[in-house]
Amino acid sequence: MFSVGSRAVSRLAAATVASGLVAAGVLTGAGTAVADEAAAGHPGGASSTLSGLKTYDQAVIHGQRGDQKVSAGLFEMVVDGGGSLQTYCIDIHNPTQKEAKYRETAWDATSLNANKDAGKIRWILQNSYPQVNDLAALASKAGAGALTEKTAAAGTQVAIWRYSDGADVEALDPAAEKLADYLEKNAQALAEPKASLTLDPPAVSGKAGEKLGPVTVHTDAGSVGVTGPADASAGVTVVDEAGKPVTEAADGSRLFFDVPAAEEGAEQSGSAALTVQASTTVPVGRAFASDSKSQTQILAGSSESTVSATATAHWAGTGPIPAVSAEKNCSASGIDLTASNQGDEDFTFELMGVEHTIAAGRTQTVTVPLKEDQAYDFTITGPNGFEKRVTGVLDCKTAGEAGAGGAQPSSGPSPASAGSTPVGGDGQDLAATGGSSATPVIGGVAVALVVIGGATVFLLRRKKVSES
């Protein structure tokens, strides 16, 4: 049985719509878990936790419903495993969630995917604060008089918002506004920076007694450490093309899982994972998307930070031997599930009423359509104990794109507005460009309802191939 099961997106959502989830969910057979695809679209890189808005000044958004004061500037994040990041927001109307988890992400898996000006945002990042920390020189170039760290950060953020969100926004400080105008006017399109660390493909399969792979390392680090399967009892090792054990690799290295043949009468199937890790500076301009619905960020600066990536392997003796990976496909508004079959029988499954067959030795990608802001959490199971879990939130558009006539930010302070000072006529501002503290609760219930409506499409059923 090859199936996908829907889970509750949160305890609150589950309590609110439990009966609906029971009716809509399809969950089958356990089996040996290979790995969780924790947020599709994250093949590797830096993972971090949002600390809050730290260096900022004030700006104002001009909209159809009036003006809204906001705090504009640099966020800080703490990297899992060590390191720190500085980021700017590229989704002005969405809230930030307190201590939200973020992952380094390709542009095409974020709201930048269809933004023709995404490359100009990278130019702004490379030519302004904090990459340019000589504020006197920056102010002179922009004709901005005198800049402080706070006004330089605000001016930079304002210029980014004009390209990331198409926002009509200006900095309240005259020098910051001068800087924003200079950056907007002079920005040039630059290419997307490469990921700090990825493994391609993130999942492989094959027969016991063979080398499974290759898994290619892509990184800007000088070298990466390689950690093999945690369970050494299976005898699986990570090797290079010559079959020599590997503990260190570099950009372009090809890694393999060396799976010994099982003894006669022993279990022929199994799974394992390898992890690569390094310490490096994450390239400026890399996008960071959250595991929850927290505004998307773009990297402005990085300390030496820990980056990592994981690849999985699944093997068996006979029959279909699938490997499945997942990534967000914002251009198609969904999740791409890429399944390969390294077995000796066809692998046939049904998706959304359409039957797909992957011949032995072939690979096929199937797109699961989702609605914007929809949370997903489903588990794919297959023969010989294969299991793959995919979770996340489809966040491909800015809130302004999604709202009719252009969304307006809430007047309530953001949950992640640490260090901000409320301003404005009502005694409050948007702080870290976010909604009220009730936003996550309301959003969680709404997302759960969407999941119910879409849960029935997540059905992949392996069918036994008819004998001729």
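Small disclaimer: the values here were computed from a predicted structure and weren't measured.
The pair Arg286-Glu104 meets the salt-bridge criterion, since a charged nitrogen lies less than 4.0 angstrom from a carboxylate oxygen. The pair Glu184-Arg162 meets the salt-bridge criterion, with a side-chain N (NZ, NE, NH1 or NH2) lying under 4.0 Å from an Asp/Glu carboxylate O. Using a cutoff of 4.0 Å between basic side-chain nitrogens and carboxylate oxygens, Lys211 and Glu241 are not scored as salt-bridged. Using a 4.0 Å cut-off between charged nitrogen and carboxylate oxygen, Lys328 and Asp395 do not count as a salt-bridge pair.
Listed here is the closest heavy atom pair of Ala300 and Leu74: CB-CD2, 3.9 Å. Across all non-hydrogen atoms, the minimal contact from Pro260 to Asp258 is CD-O, 3.6 Å. Closest non-hydrogen pair, Thr363 versus Ser340, comes out as OG1-CB, 3.2 Å. When all heavy atoms of Cys89 and Phe75 are compared, the pair lying nearest together is CB-CE1, 4.1 Å. Taking each heavy atom of Ala289 and Thr110 in turn, the nearest pair found is CB-CG2, 4.5 Å. Between Ser292 and Gln97, the shortest heavy-atom distance links the atoms OG-CG, 3.9 Å.
Under 3.5 Å, the side chains of Gln297 and Thr87 contain a donor-acceptor pair of N or O atoms. Under the 3.5 Å distance criterion, with hydrogens and angles disregarded, a donor-acceptor pair is assigned to the side chains of Ser279 and Glu304. Using modelled atom types and a 3.5 Å distance limit, the side chains of Ser164 and Tyr88 yield no donor-acceptor pair. One side chain, Lys101 or Thr49, offers a donor N or O that lies under 3.5 Å from an acceptor on the other.
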Evaluate Lys207 against Asp344 for salt bridge (charged side-chain N to carboxylate O under 4.0 Å, His left out), listing each step before the verdict. CA-CA 9 Å; Lys207 293 185 177 181; Asp344 51 21; 3.3 Å; yes

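A side chain to side chain donor-acceptor pair (under 3.5 Å) with Thr365 is found for exactly one of Asn329, Asp336, Thr338, namely Thr338. Screening Thr96, Asp91, Asp373 against Lys293 for a side chain to side chain donor-acceptor pair (under 3.5 Å) leaves a single residue, Asp373.
Sorted by first and then second residue, the disulfide (SG to SG under 2.5 Å) pairs with a member in residues 307-340 read Cys330-Cys396; sequence neighbours excluded.
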